[in-house]
Amino acid sequence: MSNPQELRYSKEHEWLSGAEDGVSTVGITEHAANALGDVVYVQLPEVGAAVTAGETCGELESTKSVSDLYSPVTGEITEINQDVVDDPALVNTAPFEGGWLFKVRVADEPKDLLSAAEYTEYSGS
């Protein structure tokens with residue numbers, strides 16, 4: 001398993017892309033997707049909703065368990081990935097590509113996000 005170098009990671013196992021025009025993409029890591037098992041339901045925040053770094057903003061349900069989704073940054077949701085809502089298995093099959101979850105206009109980014117190498121060491125993946 002390889003964590004893309006250009007992304008940053010939270011200790012809650014979310015990834016964050018670099019910002020384009022102030023908007024970043026968020027998803028869960030391959031490590032988290034594998035730990036969850038087959039994802040069967042995704043609840044994402046609504047477009048326009050405010051999210052706060054480290055706070056719950058949605059939910060992922062798998063055949064094994066239900067897991068909270070945390071926002072890695074503070075900001076406003078600008079887009080959700082409807083493809084993942086319609087086909088939650090994308091979270092498992094393409095966590096860093098088509099399985100992204102939402103886009104957020106970043107107002108504040110915590111200083112404790114991890115690099116790919118730091119996340120790999122933290123998660124053991």
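Residue numbers run from 1 in the order of the sequence given. Keep in mind that the numbers below use all heavy atoms, side chains included, and drop hydrogens, waters and symmetry copies.
Considering every non-hydrogen atom in both V73 and D108, the closest pair reads CB-O, 3.6 Å. Scanning all heavy atoms of the two residues, the minimum distance from A116 to Y9 falls at CA-CE1, 3.6 Å. Among all heavy-atom pairs drawn from P72 and W15, the shortest one is CG-O, 4.5 Å. Smallest separation of non-hydrogen atoms from I80 and P45: CG2-O, 3.1 Å. Closest approach of E46 to I77, counting heavy atoms only: O-CB, 3.4 Å.
In this structure a side-chain-to-backbone donor-acceptor pair under 3.5 Å is present from N81 to G98. Side-chain N or O atoms of S24 include none that pairs as donor or acceptor with a backbone N or O of L16 at under 3.5 Å. Judged by distance alone, with hydrogens and angles left aside, the side-chain atoms of T74 form a donor-acceptor pair with the main-chain N or O of A53 at under 3.5 Å. A distance-only check finds a donor-acceptor pair linking the side chain of E118 to the backbone of S115 [under 3.5 Å].
Clustering ILVMFWY residues whenever any of their side-chain heavy atoms sit less than 4.5 angstrom apart, transitively, puts V106 in the very cluster that holds L101. I28 and Y70 are members of different hydrophobic clusters when ILVMFWY side chains are connected at heavy-atom separations under 4.5 Å. The hydrophobic clustering, which links ILVMFWY residues whose side-chain heavy atoms are closer than 4.5 Å, places V85 and L36 together. W100 and V91 fall into different hydrophobic clusters, where Ile, Leu, Val, Met, Phe, Trp and Tyr are joined by side-chain heavy atoms under 4.5 Å apart, directly or via other members. Linking ILVMFWY residues whenever their side-chain heavy atoms come closer than 4.5 Å, directly or via other members, leaves L90 and Y41 in distinct clusters.
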Note to self: Please evaluate residues V104 and V23 with respect to the criterion side-chain contact (heavy atoms from CB on, under 4.5 Å), reporting the C-alpha separation (whole Å), side-chain torsions for both, the decisive distance (0.1 Å), and the verdict.
What the structure shows: CA-CA 5 Å; V104 58; V23 176; over 6 Å; no
> How far apart are the C-alpha atoms of N3 and S125, what are their side-chain angles, what is the distance that settles it, and do they pass the side-chain contact (heavy atoms from CB on, under 4.5 Å) test?
Replying inline: CA-CA 8 Å; N3 297 304; S125 59; 3.6 Å; yes
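To the nearest 0.5 Å, atoms CZ (R105) and CG (D21) are separated by 7.5 Å. Atom-to-atom distance recorded for L7:CG and T29:OG1 is 10.5 Å, nearest 0.5 angstrom. Atom-to-atom distance recorded for S2:OG and E30:CD is 8.5 Å, nearest 0.5 angstrom. Taken from CD in Q43 to CD in E59, the straight-line distance is 5.5 Å, to the nearest 0.5 Å. Rounding to the nearest 0.5 Å places CD of E109 at 4.0 Å from CZ of R8.
At least one side-chain heavy atom of K11 sits less than 4.5 Å from a side-chain heavy atom of L114. In this structure, T25 and F102 have side chains that are not in contact, with every pair of non-hydrogen atoms separated by 4.5 Å or more. Between T63 and V40 there is a side-chain heavy-atom pair separated by less than 4.5 Å. Side-chain contact check for T56 versus L69: every heavy-atom pair is 4.5 Å or farther apart.
Ring pair Y119/H13: centre-to-centre distance below 6.0 Å.
Summarising the local packing, CD of E6 is surrounded by more than 12 heavy atoms from other residues, nucleotides or ligands at distances under 6.0 Å.
Between S62 and D38, the side chains place no donor N or O within less than 3.5 Å of an acceptor N or O (distance only, hydrogens not considered).
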